[in-house]
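Just so it is clear, the structure is predicted and the values come from calculations on it, not from any experiment. Reminder, nothing fancy here: chain letters follow the sequence lines and each chain counts from 1.
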Amino acid sequence: MSKEAADATGVDTTDPRVARREKLRRIGETGIDPWGSRFDERSMVEDVRRLIPQIKYRLPDGTEIDTPNMVNSGGSVDYRTWKSEQNAAAGGNGEEIGPQVRVAGRIMLMRPTGKLIFLNLRDWTGEIQIFIGKNQVGEEAFELAKLFDLGDLIGVDGRLGWTNTGELTVFAEQLHFHTKMLEPAPDKHAGLHDPDLRQRMRYADLAFNDGVREVFLDRTRIVKSIRQTLDSQRFVEVEGPTLHAIAGGAAARPFKTHHNALDMPLFMRIALELHLKRLMVGGIERVYELGRVFRNEGVSPRHNPEFTMLEAYQAYGDYGTMMELTEQIISNAIEAIGGGMVRKFGDQEVDFTPPFARRSYDDLILEHTGVDPADEGAMRALAKQLGLETANRHADVIKNEIFEEKVEDLLVGPVFVIDYPASMCPLTKRKVDQPEVAERFELFICGMELANAYTELNDPDLQEQLFRTQLQGLSEEDSMAHMDHDFVRALRYAMPPAGGLGIGIDRLVMLLTGQRSIRDVILFPLLRPETFES
RNA sequence: GAAGGUGUAGCUCAGUCGGUAGAGCAACGGACUUUUAAUCCGUAGGUCCUGGGUUCGAGCCCCAGCACCUUCACCA
């Protein structure tokens with residue numbers, strides 16, 4: 001048994017948790033519900049700041065003048081000096097007047113100085129200083145204020161005004177206790193740094209770390225903007241099934257699950273594609289889904305097992321249409337969060353001003369390797385030189401490995417890589433005059449694959465044949481040759497020629513908000529479960 | 001799955017050559033009615049990730065395990 005410190009009431013003071021529970025108890029003793037209740041007609045901090053013009057200085061003769069632009073609020077005026085000048089000119093002491101406001105939020109900082117306490121109160125729109133003076137709020141309320149801890153949720157009624165140092169402040173007249181935080185607050189300046197804690201306890205990360213909420217609010221703005229861009233072009237948003245009997249539409253390992261009542265194996269979807277195309281057969285000529293897909297693969301700063309995809313399909317379009325749509329989606333999203341078309345990502349700078357560059361797959365290989373991609377022998381030799389596996393592999397597979405090895409990382413972009421080898425793209429229409437080339441693009445930015453689009457294959461017989469054709473050099477698990485008879489039947493009911501687009505939303509948010517890890521743009525990324533003692 | 005890194009007070013982090021466990025913030029007590037990460041005085045707080053081993057002696061060295069980070073692998 002370790003020795004325990006105790007305050008006058010015999011309570012252990014070494015553990016902040018114990019101290020907080022003791023304060024909770026004392027608050028309850030005063031008759032106040034420490035878990036709060038409905039609190040109507042409060043203002044958001046953002047809106048309170050808009051009331052600044054209503055703060056006036058009333059001179060002895062009754063005239064009211066605007067308060068100046070303070071040092072602490074971006075201006076240059078020292079309030080004390082300004083007031084004494086005004087008073088001297090008026091021949092008497094004036095008085096500041098300001099609007100009544102009601103705010104609520106979390107206590108982020110506390111600066112008690114004897115019989116007054118300064119607080120920084122934060123709600124989800126911003127932070128504002130609160131002044132609590134013993135003489136101003138009364139003995140009882142001041143005793144309550146002494147039981148406040150960092151992280152507690154409180155409400156304040158008071159007058160909006162300036163302190164002598166020119167800080168916008170709510171001068172408290174009435175205090176309301178809303179909720180006690182029972183856990184110790186993170187470091188008030190450094191916040192939570194440990195990435196494990198930040199991800200596990202995203203609530204604390206959001207509450208106490210600067211900039212985190214802004215990233216996730218930007219994510220919401222980006223997603224909303226994408227919907228607006230598509231909706232304004234008469235795309236219809238739909239919700240496809242997430243449980244699939246056949247995990248198709250991409251080459252990825254699915255999560256397996258099981259339906260008990262039907263005793264049926266199921267897969268979590270790995271793509272949205274095949275159901276959206278069925279809907280185009282049904283006549284929804286412009287259709288999209290913004291939804292979660294699941295891929296049973298490793299995690300990395302760019303991969304989370306569940307992530308958000310946009311897929312959009314436009315009848316009578318092609319991959320060129322999809323390039324234009326992609327440019328609109330991205331530039332509108334940037335406009336929605338502000339900050340300009342030129343953005344920094346790590347030490348790279350990316351100019352998102354459309355139109356984006358368009359470069360052919362083969363040209364890029366030639367440019368970055370100096371080897372002719374049409375020369376299969378030379379490609380194989382280069383692959384061997386790079387230490388890549390070449391035996392029994394299709395020439396296009398080898399070429400693609402070379403592309404991934406030598407080209408992808410260098411594409412700062414944004415650049416549309418166009419015209420892929422047809423054998424790599426079983427859901428893609430071939431060029432009429434070049435059947436070995438597929439009408440497909442991938443959009444690369446900062447070495448990341450951000451979007452993928454095709455002129456969609458709508459020939460049911462060819463589609464069936466491609467499903468049946470096991471690609472050389474790919475295992476069954478790695479190929480997308482999972483026959484989906486119903487999908488082929490759907491094509492037989494006539495799917496219009498169309499362009500289709502997929503965008504990785506998480507990666508887009510990463511790029512636009514400057515976050516280096518996908519886990520910083522996903523609220524609750526996958527983690528191993530924490531072990532709790534109980 | 002592989003390699004490297006990290007794990008020390010509630011939080012952020014130091015910890016020398018292997019020799020009694022440290023700071024700032026938070027907490028507790030005190031002073032302070034215009035502070036800005038308030039300041040000042042004082043007090044308390046440790047399963048040094050877990051389990052083994054080497055050693056007279058381990059936060060530090062060795063082995064195994066766990067979690068996270070990075071790179072790689074997997075990844076249309």
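- Using a 4.0 Å heavy-atom distance criterion, Val137(A) is classed as making no nucleic acid contact.
- The minimum heavy-atom distance between Phe356(A) and Arg358(A), with the atom names listed, is O-NH1, 2.9 Å.
- On a pure distance criterion of 3.5 Å, no polar donor-acceptor pair joins the side chain of Asp15(A) and the base of G10(B).
- Residue Arg198(A) is out of contact with every strand shown, counting any heavy-atom pair closer than 4.0 Å.
- The shortest distance between the side-chain N/O atoms of Gln129(A) and the OP1/OP2 oxygens of U34(B) is not below 4.0 Å.
- Comparing the C1' positions of G52(B) and C11(B) gives an interatomic distance of 31 Å, to the nearest angstrom.
- In this model, a side-chain donor or acceptor of Thr163(A) finds a partner on the base of U35(B) within 3.5 Å.
- One P atom belongs to U6(B), the other to C49(B), and the distance between them is 12 Å to the nearest Å.
- Considering only residues two or more places apart in sequence or on other chains, Lys180(A) meets the side-chain hydrogen bond (donor to acceptor under 3.5 Å, both in side chains) condition with Asp149(A), Asp152(A).
- Here, U50(B) and G7(B) have their P atoms 13 Å apart, quoted to the whole Å.
- A sub-4.0 Å separation between OP1 or OP2 of C25(B) and a side-chain N or O of Lys188(A) is absent.
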Scan the side chains in residues 500-508 of chain A for donor-acceptor partners under 3.5 Å anywhere in the protein, sequence neighbours excluded, and list what turns up.
residue: Asp506(A); atom: OD1; partner: Arg219(A); partner atom: NH1; Å: 3.0
residue: Asp506(A); atom: OD1; partner: Arg219(A); partner atom: NH2; Å: 3.1
residue: Asp506(A); atom: OD2; partner: Thr308(A); partner atom: N; Å: 2.7
residue: Arg507(A); atom: NE; partner: Arg302(A); partner atom: O; Å: 3.4
residue: Arg507(A); atom: NH1; partner: Glu449(A); partner atom: O; Å: 2.8
residue: Arg507(A); atom: NH2; partner: Arg302(A); partner atom: O; Å: 3.3

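- Judged by atom type and distance alone, His189(A) does not reach the base of C25(B) through any side-chain donor-acceptor pair under 3.5 Å.
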